[in-house]
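This report refers to the structure that appears directly beneath it.
This one's a predicted model, so the numbers in the text were calculated from it and none came from an experiment.
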Amino acid sequence: MGELDWTSIPGALPFLWAGMVTTLEITLLAVLVGIVWGTLLAIMRMSGVKLLSWFAAGYVNLFRSIPLVMVLLWFFLIVPALLESLFNTPRSADTRLSSAMVAFALFEAAYYSEIIRAGIQSVAKGQLGAASALGLTYAQAMTMVILPQAFRNMVPLLLTQGIILFQDTSLVYVSSLADFFGAAYKVGDRDGRLVEMLLFAGAVYFLICFSASLLVRRFQKKVAT
Amino acid sequence: MGYHWNWGVFASPVPSGETSYLGWMISGFETTLALSLSAWLIALVIGSGMGVLRTVPNRWLAGLAAAYVELFRNIPLLVQLFIWYFVLPELLPAGLGDAYKGTNPLLQQFVAAMVCLGLFTGARVCEQVRSGINSLPRGQKYAGLALGLTLPQTYRYALLPMAFRIIVPPLTSEFLNIFKNSAVASTIGLLELAAQGRQLVDYTAQPYESFIAVTLTFMALNAIVMSLMHLLEARTRVPGSMGT
Amino acid sequence: MIAIKNVSKHYGSFQVLSECSTQVAKGEVIVVCGPSGSGKSTLIKCVNGLEPFQSGEIIVNGISVGDPKTNLPKLRAHVGMVFQNFELFPHMSVTDNLALAQVKVLGRSREEAVQRGHQLLERVGLLAQAEKFPGQLSGGQQQRVAIARALSMDPICMLFDEPTSALDPEMVKEVLDVMVGLAQEGMTMMVVTHEMGFARRVAHRVIFMDQGRIVEDAPKEDFFGAPRSERAQLFLSKILQH
């Protein structure tokens, strides 16, 4: 093969940046919704109500046992069809971004809920008894005593899961949505410079994720001491 | 919604007529199995070796293993796969690269996916092995050395047998992940289970049957692997340890 | 048998051992005591090279431990060591714990190793437990197995690193009895311990360490009669108050 030729990158930067914005949008939304929905799932799972805990356990196990690629394909296939029949949205409407966001949020919630459940359980062991001895109700103990401590301990794990999610968003490639990776692939394909663009994309992901995980580790040390 | 369910679709022949759609699904399942198991072998070997290196008293070796982990953990699996598949053959010396590109494309897809998944998962296995070794009391290493065992012998007979027992549960989830992650190989055209499911959608207009079948197969695979690993965990449990 | 000359060791700026010198003759039993953090465990781990040291020299049976050319595994094979937390290998039966190094290091056949192991188990009174796993034994039993494991290598001397401090009080005696027996047979021993009764019974010399230094190194009678340093006196009176 010939020499590597990086000249197609500068011109493509605005397009790549737009892709990165899409990537970040999906990541942020999925992290936020995933944590909220994951917390609810964790609480349902630990609640004494059988129906709720079965539902939460089934939900988590379902999403954790199928590949993310399959989940994305389901959503690209079903969500548009559902929207079409429910709201009569025109078929031509581009629902790929919203499908991706919904898919990632629901998928990540399953993983977040397991992190959160473990975090709550590790705090709840001793503290629940102490809180109820003080006369707090279960709900009060949860919201005032246990969740604040549990979340403080969990922050590093939640952030690390966020970094994994950021990497996983590249899988929206299966719907040919132009996230950062999709944009890089498209430019490379168009200019016949796929090799350079793939290496460039890999380097960018590495720099972002590596720095982020260094920050998380530093934060973790700070919390631990 | 007026969808016409037809589970009989799997029995009908594919356009070329040489097999049924069920045949496609089965061949996809076989590819998923072959890919996941061969990649798991690579992951176990590389991950264990690197995991041991991370704990040895040699800065260069430990640093090499740490660099491996950081590199493979901080680049998305999909990007790694594309680099193995599209980029690496181009970076090989011309003669070798051309020879490789002349081989069966199906083989190239499989090899790229296998190496990619193996090294990607190996980085995670490495971290588990490292934490398993580090969770053992420091005295265990001393005890092996004090008996006159060499450092490699101490690892082989004293440290690793316990470390691996400790990390069976996290290794189980990495093993499960490799089956799930193998679906990413569909993006380079490897006809594993998810790709066959997608192909069925294109050919039959029965998307739900196909996707439900693929999803259920993955769930079944998950359940089988999990119970096998529970069995392994019970078989290797040390008498007198917690839980017996 | 063991000569320790001006050994110093530091982690960064923290001095763990400074200028330690002493020697152990063949057949001698030396007790090393001192407050926690005094460096006594570190010193004994330097003797078989488990802990490296920066300056000074340790000679065991004519071989320099600190010399990078020394074959440490070979040296350690002849120096038995017993640890505070037993450190039996939990995934192996008692028999296999005893046989492992005999087979892998000394090159004995498995039958030979098992036979030798069982002899020693009988000696520490645990032959009946030979097929059990460490986790199924009490602490005192585990420590006796650990002593048998060290003896199975036919060591020329034995190092004990606080062998009874992790034990419940009622189990201390069974371990000390085995050690007293060894001492009476003329085994060369270096023992880090707070068991002053043991020191009185079988020790030839007592070494008292504090802040990384050997403060006192005296025959047993002198040490218990009138320790010269104030710190050793204070230490002894605290120990006796228990």
**Item:** Arg217(A), CZ: over 12 other non-hydrogen atoms inside 6.0 angstrom
**Value:** yes
**Message:** Below 30° counts as parallel, above 60° as perpendicular, anything between as tilted: where do the rings of Trp74(A) and Tyr208(B) land?
**Reply:** tilted
**Request:** Please check if atom CH2 in Trp17(A) has more than 12 non-hydrogen atoms from other residues, nucleotides or ligands closer than 6.0 Å.
**Result:** no
**Fill in**
Scored by heavy-atom pairs under 4.5 Å with chain A, the best of Thr187(B), Val201(B), Asn177(B) is Thr187(B)
**Asked** For the atom pair CZ (Arg73(B)) and CD1 (Ile163(A)), what is the distance rounded to the nearest 0.5 Å?
**Response** 9.0 Å
**Fill in**
Pair count under 4.5 Å, heavy atoms only, with chain B: among Arg64(A), Met70(A), Gln167(A), highest is Gln167(A)
**Request:** Measure the shortest side-chain to side-chain distance between Phe206(A) and Phe72(B) over non-hydrogen atoms and say whether it is less than 4.5 angstrom.
**Result:** no
**Asked** Atom OG in Ser186(B), atom CG in Leu73(A): separation rounded to 0.5 Å?
**Response** 7.0 Å
**Message:** Is it true that, when you exclude Leu51(A) itself, more than 12 heavy atoms of the residues, nucleotides or ligands shown sit nearer than 6.0 Å to its CG?
**Reply:** no
**Message:** Heavy-atom pairs under 4.5 Å with chain B: which of Leu171(A), Val69(A), Leu198(A) has the most?
**Reply:** Leu198(A)
**Request:** For side-chain contact (heavy atoms from CB on, under 4.5 Å), just list the numbers for Leu71(B) and Phe210(A), CA-CA rounded to whole Å, side-chain angles, deciding distance to a tenth of an Å, and then say yes or no.
**Result:** CA-CA 8 Å; Leu71(B) 186 65; Phe210(A) 183 59; over 6 Å; no
**Request:** Mind jotting down which residue pairs meet the salt bridge (charged side-chain N to carboxylate O under 4.0 Å, His left out) criterion with at least one end in residues 25-34 of chain B? Sequence neighbours excluded, please.
**Result:** none
**Message:** For Phe151(A), is the CZ atom crowded, meaning more than 12 foreign heavy atoms sit under 6.0 Å from it?
**Reply:** yes
**Prompt:** Would the number of heavy atoms belonging to other residues, nucleotides or ligands and lying under 6.0 Å from CH2 of Trp7(B) be above 12?
**Reply:** yes
**Asked** Quick one: CG on Leu4(A) to CG on Leu91(B), what's the gap to the nearest 0.5 Å?
**Response** 6.5 Å
**Segment of Ser182(B) engaging chain A (4.5 angstrom heavy-atom cut-off)** = neither
**Complete:** Ordered numerically, the heavy-atom neighbours of chain A under 4.5 Å found in residues 123-136 of chain B are none
**Atom CH2 of Trp5(B) with >12 non-hydrogen neighbours under 6.0 angstrom** = yes
**Request:** Could you tell me which portion of Phe166(A) (side chain, backbone, both or neither) has an atom closer than 4.5 angstrom to a non-hydrogen atom of chain B?
**Result:** neither
**Fill in**
Hits for side-chain hydrogen bond (donor to acceptor under 3.5 Å, both in side chains) against Lys186(A), two or more places apart or cross-chain, chain-then-number order -> none
**Message:** Can you list the residues of residues 174-184 of chain A that sit under 4.5 Å from chain B, counting heavy atoms only?
**Reply:** Val174(A), Phe181(A)
**Prompt:** Does the salt bridge (charged side-chain N to carboxylate O under 4.0 Å, His left out) test come out yes or no for Glu90(B) and Arg193(A), once each step is laid out?
**Reply:** CA-CA 11 Å; Glu90(B) 303 294 333; Arg193(A) 287 290 159 205; over 6 Å; no
**Distance (rounded to the nearest 0.5 Å) between Phe86(B) CZ and Asp189(A) CG** = 8.0 Å
**Request:** Please round to the nearest 0.5 Å and tell me the distance separating atom CD1 of Ile75(B) and atom OG of Ser170(A).
**Result:** 11.0 Å
**Fill in**
Rounded to the nearest 0.5 Å, the CG atom of Asn74(B) sits from the SG atom of Cys209(A) at a distance of 5.5 Å
**Message:** Please classify the contact of Leu221(B) with chain A as side chain, backbone, both or neither, using a heavy-atom distance under 4.5 Å.
**Reply:** neither
**Prompt:** Just wondering, do Lys180(B) and Ile66(A) contact through their side chains at under 4.5 Å, heavy atoms?
**Reply:** no
**Message:** Which atoms of Leu81(B) are under 4.5 Å from chain A, going by heavy atoms: the side chain, the backbone, both sets, or neither?
**Reply:** neither
